Amino acid sequence: MTIGIIGLGNMGQMLVKGLCKSGIISPQDLIVYNRTREKAAPLQQRYPFQLAETPQIVCEKADLLFICTKPLDVLPVLRELSLPSGVHLVSVAAGVSLPDLESIHTGAISKVIPTVTSEELRGVSLLVDNPRVSPEQHAALSRLLEAIGTAEEVSEETIETATILTSSAPGLIAGILEEFAQAAVRRSPELEIDTARRMLVETLAGTSRLLENEGLSFDQLIERVATKGGITQEGLTVLGRTLPHAFDDLFLMTKEKHALLKQQVLLQHEERYGDSK
Ligand SMILES: NC(=O)C1=CN([C@@H]2O[C@H](COP(=O)(O)OP(=O)(O)OC[C@H]3O[C@@H](n4cnc5c(N)ncnc54)[C@H](O)[C@@H]3O)[C@@H](O)[C@H]2O)C=CC1
Ligand SMILES: O=C(O)[C@@H]1CCC=N1
């Protein structure tokens with residue numbers, strides 16, 4: 001099977017690295033197009049994939065085609081292509097829906113929301129298919145996603161919330177850890193910020209191992225740490241007071257951003273067809 005990738009940004013590169021590292025494919029099974037050809041060179045040296053001169057060549061050679069551009073570039077890029085009906089199109093763009101893509105491609109289409117952590121072969125890819133995806137195409141895509149982490153089938157209704165938990169989360173967790181480290185240094189200025197960051201990274205790795213290897217729930221882990229009448233309980237009380245509002249806000253704002261993106265994609269349709277699809 002030949003896998004095409006258009007756009008070698010964060011997600012395109014993650015797919016190249018993850019899929020090749022996992023051993024599920026060999027680099028020669030990949031055909032990639034990047035607007036700036038030279039930018040692909042360092043990655044191509046490590047993983048000798050095929051580098052196409054044009055995106056049209058990619059879609060003609062690929063059985064499975066990942067479009068990895070930013071959401072508002074997806075439809076304009078695809079419209080310039082003549083997509084063979086047999087190609088299985090996979091969009092990774094947040095805010096671009098299956099119906100948007102169905103207006104362009106008559107064949108099988110999936111929407112996948114991957115995660116940057118799949119470069120390390122861990123993390124969740126969210127997957128939703130349109131009805132034209134055959135069981136064989138679904139199985140082939142799922143196998144690839146399972147090779148770089150786990151694949152969760154979701155509906156288009158839940159994909160936006162799940163995106164925050166799986167795909168935005170590595171960035172959000174990094175943001176939380178940075179605030180954690182900065183607050184520690186504000187409290188104890190003699191502590192180096194990089195030391196605080198290192199302590200948190202190691203603690204995060206240990207925490208995730210403990211949760212996973214011992215099959216602990218979050219509550220069980222809290223019980224192990226928070227000695228009755230001890231220090232951690234005080235911290236948990238503060239979190240219980242402040243975090244629900246912060247996370248409610250976070251889901252509200254990201255939902256609004258999703259809605260805005262979808263509106264902008266819809267406008268691209270209207271500008272093109274002079275009506276609302
Ligand atoms: N970064 C992340 O963790 C995740 C991103 N996504 C989705 O992945 C998509 C890409 O995101 P990133 O990789 O972070 O963005 P990015 O900005 O790193 O990559 C976008 C790439 O598209 C290329 N591109 C733009 N126009 C093009 C064209 N006409 N032809 C060929 N290539 C073109 C750019 O050169 C760039 O390399 C977005 O739609 C985003 O919603 C989904 C899940 C996670
Ligand atoms: O922030 C974004 O828009 C992309 C989609 C999910 C993760 N990164």
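Both counts, for ligands and for their atoms, begin at 1 and track the order of listing. Please read these numbers as outputs of a predicted model, since none were measured by experiment. The figures that follow rest on heavy atoms only: side chains count, while hydrogens, waters and symmetry mates do not.
- Taking every heavy atom of D73 and a limit of under 4.0 angstrom, the matching atoms of ligand 1 come to 25 (C), 26 (N).
- Residues V58 and V32 are not in side-chain contact: their nearest non-hydrogen atoms beyond the backbone lie 4.5 Å or more apart.
- Between R209 and E214, none of the side-chain N atoms (NZ, or NE/NH1/NH2) sits under 4.0 Å from a carboxylate O, so this pair counts as no salt bridge.
- T69 O, 3.3 Å is the protein heavy atom nearest to atom 38 (C) of ligand 1.
- A salt bridge is defined here as a Lys NZ or Arg NE, NH1 or NH2 lying under 4.0 Å from an Asp or Glu carboxylate O, and E202 with R197 fails to meet this definition.
- For atom 41 (O) of ligand 1, the closest heavy atom belonging to the protein is A94 N, 3.0 Å.
- The shortest side-chain heavy-atom distance between D129 and L127 falls under the 4.5 Å cut-off.
- Short contacts between ligand 1 and Y33, defined as distances under 4.0 Å to a heavy atom of the residue, involve ligand atoms 30 (N), 31 (C).
- For the side-chain contact (heavy atoms from CB on, under 4.5 Å) test with L65, the passing option among I6, I31, T2 is I6; the others fail.
- Look at K21 and E119 and you find no salt bridge, because none of the NZ, NE, NH1 or NH2 atoms lies under 4.0 Å from a carboxylate O.
- Using a 4.0 Å cut-off to heavy atoms of P71, the atoms of ligand 1 that qualify are 38 (C), 39 (O), 41 (O).
- Atom numbering of ligand 1 starts at 1 in the shown order; those under 4.0 Å from a heavy atom of A93 are 39 (O), 41 (O).
- Among protein heavy atoms, atom 23 (C) of ligand 1 sits closest to G7 CA, 4.0 Å.
- Panel note: side chain N34, backbone L8; a donor-acceptor pair is recorded below 3.5 Å.
- Only the backbone of L8 comes within contact range of ligand 1, with a heavy atom under 4.0 Å; no side-chain atom does.
- If you check which protein heavy atom lies closest to atom 20 (C) of ligand 1, you get C68 O, 3.7 Å.
- Remark: minimum distance from atom 7 (C) of ligand 2 to any protein heavy atom is reached at S167 OG, 3.4 Å.
- No donor-acceptor pair closer than 3.5 Å links the side chain of T115 to the backbone N or O of G123.
- Both the backbone and the side chain of N10 come within contact range of ligand 1, each with a heavy atom under 4.0 Å.
- Here the protein heavy atom with the shortest distance to atom 19 (O) of ligand 1 is G9 CA, 3.3 Å.
- S167 OG, 3.0 Å is the protein heavy atom nearest to atom 43 (C) of ligand 1.
- Ligand 1 is approached by V92 to a heavy-atom distance shorter than 4.0 Å.
- Per-residue contacts place T163 under 4.0 angstrom from the following atoms of ligand 2 (heavy atoms of the residue considered): 6 (C).
- The pair R198-E192 does not count as a salt bridge, with every side-chain nitrogen at least 4.0 angstrom from each carboxylate oxygen.
- Nearest to atom 29 (N) of ligand 1 among the protein's heavy atoms is V77 CG2, 3.2 Å.
- At the shortest separation from atom 1 (O) of ligand 2 among protein heavy atoms lies S168 OG, 4.8 Å.
- Judged by distance alone, the side chain of T158 and the main-chain N or O of V154 form no donor-acceptor pair under 3.5 Å.
- When the heavy-atom distances from atom 27 (C) of ligand 1 to R35, E80, K70, M11 are ranked, the shortest goes to R35.
- Shortest contact from atom 5 (C) of ligand 2 to any protein heavy atom: A94 CB, 3.9 Å.
- At a 4.0 Å heavy-atom cut-off, ligand 1 touches P114 through backbone and side chain alike.
- Of the N and O atoms on the side chains of Q28 and S26, at least one donor lies less than 3.5 Å from an acceptor on the other residue.
- Residues H258 and Q263 bring no donor and acceptor atom of their side chains to less than 3.5 Å of each other.
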